[in-house]
Structure formats: C-alpha cells, structure tokens
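What follows is a single structure, written as structure tokens, with notes after it.
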Amino acid sequence: MAQNVEAALPDKYKNMSEWYTEILERAEVIDIRYGVKGFIVYRPFGMILMKNIIKLFEEELEKTGHKPFLFPVVIPERNLRMEKEHIKGFEGEVFWIEKGGYTPLEERLALRPTSETAIYPIYALWFSSYKELPFKGYQTCAVYRYETKATRPLLRGREFLWIETHNVYFTEKEARDQTVEDAEIFYKVATEKLGIPFLHLKREEYDKFPGAVDTYAFDTLLPDGRVLQIGTTHYLGTNFTKVFNVVVHDEEGNLVNPHSTCYGIGLSRILASILLIHGDEYGAVLPFDIAPTQIVIIPIYKAGFENKEIDKYCNEIHESLKNEGYRVIFDNSEKTPGEKYYYYDMRGVPFRIEIGPKEVQTSKVTVFRRDTRSRETIPLEQLKEYIVKTKDEILKNLREKAEKRLKDNIIEARTKEELIEAFKKEGRKIYKVFFCGRKECADEIKSVLEGLETRGTPINEKGEGPCVWCGEPGHICYLAKAY
RNA sequence: GGGCCCGUGGUGUAGCUUGGCUAGCAUGCCAGCCUUGGGAGCUGGUGGUCCCCGGUUCAAAUCCGGGCGGGCCCA
C-alpha cells in the first residue's frame, strides 16, 4: 500500500470549480444529472446534512417566537401582480402553469419565486386588531426562479431551498428591530454553529428587494474570491400590507396598515458555503453538530491476532458512544483501512477512531481529527471527555480560519487609481471604499473592473468620505464580484 | 444576453480530424484467494439506447441540422 497520503481533490483555491464539482459527486451530496437545467437531486448524504442545517435555523426561529406554516407553491397571477415594484423585479423569472391537463387555466398560476403575494391575502383575513400583532411566521420550502444567468448546483438553481419568514408589526420600530434580530439569528447559526462568517450589509437603493423599503444582506466569501449572498432581511414598510389590504384597528379604532418584514435564509447556498469554505483536498470538513456521521470506528485487523477481540472492543465503544446520542458507525467491512479513511474523509466525518491490536492491548484509542488531520492516542476512559472538548475546538478552528480569510481578503482603496491598481494586483477580492450611492458610478465600476459590484454598506461600521469613483460625498461600501 | 469547450458501461476516459474490426483502457461492482496502522495484489465475472430527434450514406460514436444537458469566460 502507498505510504504517502495523496490528496483526493485539487486545491480549491486554485480551481474551485473542479474541486466543487468533484466533491458534490464524490461525497454524494447531490446528483446533477436530473436533466432539467437548474434542478438537482439531493442525495441522502446531502439531504441529511441539509436537514441538520435546517433544524438549527428553525430552532432559533421558534425561540424568537416564529410559528411554522406552509403556503401553496402556486400563486394566482392577479396576486403576484398586486405590488408593482415586486412584479417588476420578478416578472422575467417566473415559471408559469398555464394548463390543467388539456384545459387552459382561466388564470395562470405562478410557481412562487418568493411568497409575499401568496401570504398577504391570507394575512388580510387573519388580522383585525393591533392586539393580534406582532405575528411572526415562517416556512421552509423550495422556491422557483427562471434564472437566465448560468445556473450552478446549489449556488444558483432554478429551484432552491430556503426558509422565509413573513412578519407583521403594528409599529415601524418593531418591524425595523426585526431586521436586527434576523441578523442576530443568522450570526448565531451561520457563524457560531456552522463557522461561516459573513458581511452584514445594507444594499444600495438600486439593489433592494423588489418592493422593500430597506434590504439587508449577508454575504460570505468563497475560495475563488467571489462573494455569495446567503441571506437577506427586508423592511417592507407598509408596501405590502397596503396593496393586499392588511388592516388592523389601532387603540382609537382607526384602521391602519401594519408594517412588515421578510427574511430569506438561503439553505442551498449555506450548504454549498459549508462545503466550499471548510473543505480541503480530502473532501468535506464538517462541524460536529451537523455531520451526518459524527464518529466512525475503524478496526485494523492483523494476521496472528485474535480479531474477534478487536471487534468486541470496537462494539463496546460503538455502543457507548451511541448511548451518548452521537451518530456513530462501526465500519468492519472488508475494505482496507486506507480506503475507509479516504471514504470518511470525503464525507467530512469529524472523528475517526482507529482500533488495532495495540489499542486493545493497552485499553487505548487512536483518534483522528478531520479538521487538523492529526492523530492522537488516548486512554479509552478519556474518549468521551475528549470528544466533548474537541468537537468545540473543531468548530472554533474552522470558524477562526474562515474569519481570518474573510478579513485578510478585504482591501481598502481611497481613490479610483488606488482601486484600479489594487484590483490589477489582487484580482478577485473584497474592496472597501467610499461610494456615493449613484447607480452610474456602480455601473462604471462594474464594467471597468470586470464585474465588481457594490454589495452595500456595512451595518457595524460608520464612516464618510469622497466616492472612490467620482469624488462626491459617500459612505463606506464593499465591492466584490458575486455569484 | 454574448463567446468558447464538452456529452461514450455506475464513474473517468480512448476512438471522432480522414465514416467500416467484437466500441479499447482505467476505475467501480460481484465471487474466490490472500491481505489489513492512508485508496494492496492475483484470478474469474458483471456492466453500453456512444445525450435526444432528424438528415447524408451501402454503412454514423464519428459528417450535417436542430434540441436538451453540463462546464468555463464575458456582460
């Protein structure tokens, strides 16, 4: 057998596309061969991973008072057209159902590109008093957008999974506060539990969600230097409650339109980000909490040793870890240990326990940590403690590495010359500049600097200065190429 | 939206320019032997609508047209 540990995948920083396509297939995350552009099959491994991610977000949403519901996937055309800005933004990418069997439908039905126009007509029926507010509701579902841009598995599909919340408040302040809570939820789950850092940005006026008053977005950085929007939250004002006639009585008996928000959590993209940001040349590297398999036990048999002893020892460990509630498997199939290592490395199993004659004879275990790819031999009685402690270290390690990379890839530029110079030298990265907020400047930047887009102004940083492009007064803004 | 590349057993590919052999190779999968501390070896076996539709031809994986799907670059 080979002595060296050969990489299974290319370097993701040199060739992200190839790395990504490979891991999706080899770790059996999704199947891209369904045959309809922009639509994919989630395979069991990918779907278990997805469900674990969903659970983390749903728990956090329910903790903050959100109630689950599920609205239909179809939206009647007249509803979709109610809010003018909204339909303008989505019209070009709606899938339409025009027939039932052989009969043309009297009214076309849209596959939801997002659910505001499905939900608000019902909200109009549900609420009649300020006392019934706030109402916080969410659904986890697929939405459909006929993307004309190049589709990419999980990153840009015509069908994708997300969680959407649709909240209604009596006052503007409560509604605006919700967008802050949304960001906190995102931080708690994406960063603290999944190790995915992001920029919390307020999108420029011309980049808002169609129909929103303000749009806040969460952008993360991928290995190729592009950014990916993985979540957004919007303050909708009374734009939607007005057109859908959602009205409640206030304390004095006047009829008023309440304020609303919506929040989208891009599940498919978050799954892709976890793979892309934490993964290495041996495959996926997963945080312990979401890993479909958290621990694998691999026996190492030896001629001349009683292998039943090894099996017995492994079975005991297996039982004891299962009793702790961990997702653990004992792989005593006939494949060689090396082959199993590659297999479980690819799937991002956080811990591997190797048991051979040495371990059995000394009552020890050899534990391999997927994130650092390091081995350690410890007494068996310390195993549980080791896992409890180390699973948190793994998450911390993944998160800190990702945070460092995001930070290290932000480059400041003050003037047009500085920006162009920096871009020539650094290429695809995130550029921090002052920006006047005018679309004309953004368009010029995009065409001169190979697709660099204004991603918005950071929420946690204030600052003013002359626009990097035109010199007019501006605010802080990040520029990056996006997916 | 524009440009370039690609589609052959489960997977990765050769063959295509210049049409013609039983569609070759690797890997996977199955059985057996041997082995097991980072993808072992040997023997035997299994597996193909050559993406789809149409055209040219005595003959198409190969040439032509259209479609579908995938990748890359640019807007």
Side-chain angles (χ1 to χ4, degrees), chain A residues 1-10 14-41 43 92-93 146-159 224-226 280-283 296-311 313-314 330-347 349 352-362 364-370 372-377 427-428 442-453 481-483:
Chain A
M1 75 220 44
Q3 297 300 306
N4 299 328
V5 186
E6 279 176 50
L9 298 172
K14 289 192 181 129
N15 191 344
M16 189 182 100
S17 265
E18 197 186 322
W19 184 93
Y20 184 62
T21 313
E22 253 322 81
I23 197 174
L24 291 178
E25 189 191 323
R26 292 177 63 177
E28 298 185 347
V29 181
I30 57 169
D31 202 312
I32 61 171
R33 297 170 299 176
Y34 188 68
V36 181
K37 187 177 171 64
F39 290 78
I40 53 163
V41 175
R43 304 185 64 160
E93 47 189 65
Y146 185 79
E147 293 284 353
T148 54
K149 290 185 186 184
T151 61
R152 312 204 62 188
L154 297 176
L155 295 171
R156 181 184 292 280
R158 288 179 173 177
E159 173 184 61
D224 66 351
R226 294 199 205 198
D280 63 18
E281 61 273 42
Y282 299 91
V296 61
I297 303 166
I298 300 196
I300 295 155
Y301 303 120
K302 269 282 197 286
F305 188 82
E306 187 52 73
N307 289 332
K308 278 184 192 153
E309 291 294 312
I310 293 177
D311 276 345
Y313 193 77
C314 288
F330 169 37
D331 185 349
N332 60 350
S333 67
E334 292 193 7
K335 287 177 282 198
T336 60
E339 191 177 353
K340 294 175 190 172
Y341 297 167
Y342 275 91
Y343 181 88
Y344 294 104
D345 279 358
M346 188 61 69
R347 281 164 177 69
V349 177
R352 179 173 80 222
I353 298 174
E354 303 170 15
I355 303 294
K358 283 187 237 166
E359 285 79 6
V360 174
Q361 283 160 350
T362 57
K364 291 191 172 170
V365 291
T366 296
V367 190
F368 173 89
R369 224 180 112 164
R370 177 66 184 85
T372 53
R373 303 185 49 71
S374 55
R375 273 190 182 82
E376 211 178 321
T377 299
R428 267 181 204 160
D443 287 345
E444 271 191 44
I445 290 171
K446 191 170 175 178
S447 70
V448 174
L449 296 176
E450 295 174 23
L452 274 196
E453 291 173 19
K481 181 152 171 117
Y483 267 96

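Numbers restart at 1 for each chain; the letters A, B, ... are given by sequence-line order, proteins then strands. It should be emphasised that the depicted structure is a prediction, and the values quoted were computed from it without experimental measurement.
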- Specify the residue among A:Pro299 and A:Glu18 whose closest nucleotide of RNA chain B lies further upstream toward the 5′ end.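 Residue closer to the 5' terminus by nearest nucleotide: A:Pro299.
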### Task
Using heavy atoms to find the nearest nucleotide of RNA chain B for A:Thr151 and A:Ala303 separately, return the residue whose nucleotide is more 5′.
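Comparing both residues, the 5'-ward one is A:Ala303.
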Given Watson-Crick and G-U pairs under 3.5 Å, RNA chain B in dot-bracket ([ ] crossing, | other strand) is (((((((..((((......[...))))((((((.......))))))....(((((..]....)))))))))))).
Can you tell me which nucleotide in [options] comes closest to the side chain of [X]?
X        : options             : value
A:Ile300 : B:G37, B:G38, B:C74 : B:G37
A:Glu25  : B:U11, B:G37, B:G70 : B:U11
A:Arg26  : B:G37, B:G39, B:G38 : B:G39
A:Arg226 : B:G71, B:G39, B:C73 : B:C73

- prompt: Hey, is the side chain of A:Arg352 pairing donor to acceptor with the base of B:G38 inside 3.5 Å?
  reply: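 A donor-acceptor contact between them is present.
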I'd like to know if A:Arg375 reaches the base of B:G38 with its side chain, counting only an N/O donor and acceptor under 3.5 Å.
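Result: at least one qualifying N/O pair found.
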Determine yes or no for a side-chain-to-main-chain donor-acceptor pair under 3.5 angstrom, with A:Arg428 supplying the side chain and A:Lys481 the backbone.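 Pair absent, no side-chain N/O of A:Arg428 close to backbone of A:Lys481.
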Exercise. So, does A:Tyr342 use its side chain to make a donor-acceptor pair with the main chain of A:Glu6 at under 3.5 Å?
Worked result: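 Side chain of A:Tyr342 to backbone of A:Glu6: a pair is present.
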- Message: Is A:Thr336 close enough to B:A40 that one of its side-chain N or O atoms is under 4.0 Å from OP1 or OP2 there?
- Response: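 Answer is yes, contact under 4.0 Å.
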Looking at A:Lys37, does any N or O in its side chain come under 4.0 Å of the phosphate oxygens OP1/OP2 on B:G70?
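Yes, because at least one side-chain N or O of A:Lys37 sits under 4.0 Å from OP1 or OP2 of B:G70.
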Between [M] and [N] - [atom1] atom distance, rounded Å:
N     : M     : atom1 : answer
B:G7  : B:G12 : P     : 12 Å
B:U56 : B:A60 : C1'   : 10 Å
B:G69 : B:U8  : C1'   : 15 Å
B:U49 : B:C68 : C1'   : 16 Å
B:C29 : B:G66 : P     : 42 Å
B:C21 : B:C63 : P     : 15 Å
B:G20 : B:C30 : P     : 37 Å
B:U35 : B:G24 : C1'   : 31 Å

Separation of [X] atom [atom1] from [N] atom [atom2], in whole Å?
X        : N     : atom1 : atom2 : answer
A:Lys358 : B:G37 : NZ    : C1'   : 6 Å
A:Ile297 : B:G37 : CD1   : P     : 18 Å
A:Lys335 : B:G38 : NZ    : P     : 17 Å
A:Glu22  : B:G71 : CD    : P     : 14 Å
A:Ile310 : B:G37 : CD1   : C1'   : 11 Å
A:Ile32  : B:U11 : CD1   : C1'   : 12 Å
A:Glu147 : B:G1  : CD    : P     : 12 Å
A:Tyr342 : B:U27 : OH    : C1'   : 16 Å

Between A:Glu354 and A:Arg375, is there a salt bridge with N-O shorter than 4.0 Å?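 A salt bridge is present here (some side-chain N lies under 4.0 Å from a carboxylate O).
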| task | Would you check, one step at a time, whether the test salt bridge (Lys or Arg N to Asp or Glu O under 4.0 Å) holds for A:Glu28 with A:Arg347? | result | CA-CA 8 Å; A:Glu28 298 185 347; A:Arg347 281 164 177 69; 3.3 Å; yes
Go through the side-chain N and O atoms of [X] and [Y] and say whether any donor and acceptor fall under 3.5 Å apart.
X        : Y        : answer
A:Asn332 : A:Tyr301 : no
A:Glu359 : A:Thr366 : yes
A:Asp224 : A:Tyr483 : yes

Next item on the list: Check the pair A:Asp280 / A:Arg373 against salt bridge (Lys or Arg N to Asp or Glu O under 4.0 Å), numbers first and verdict last.
Entry: CA-CA 10 Å; A:Asp280 63 18; A:Arg373 303 185 49 71; 5.1 Å; no
Once you apply a heavy-atom cut-off of 4.0 Å, does A:Phe368 come out as touching a base, just sugar-phosphate, or nothing?
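Touches a base.
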Given A:Arg158, A:Arg156, A:Lys37, the one that forms salt bridge (Lys or Arg N to Asp or Glu O under 4.0 Å) with A:Glu147
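The option that passes is A:Arg156.
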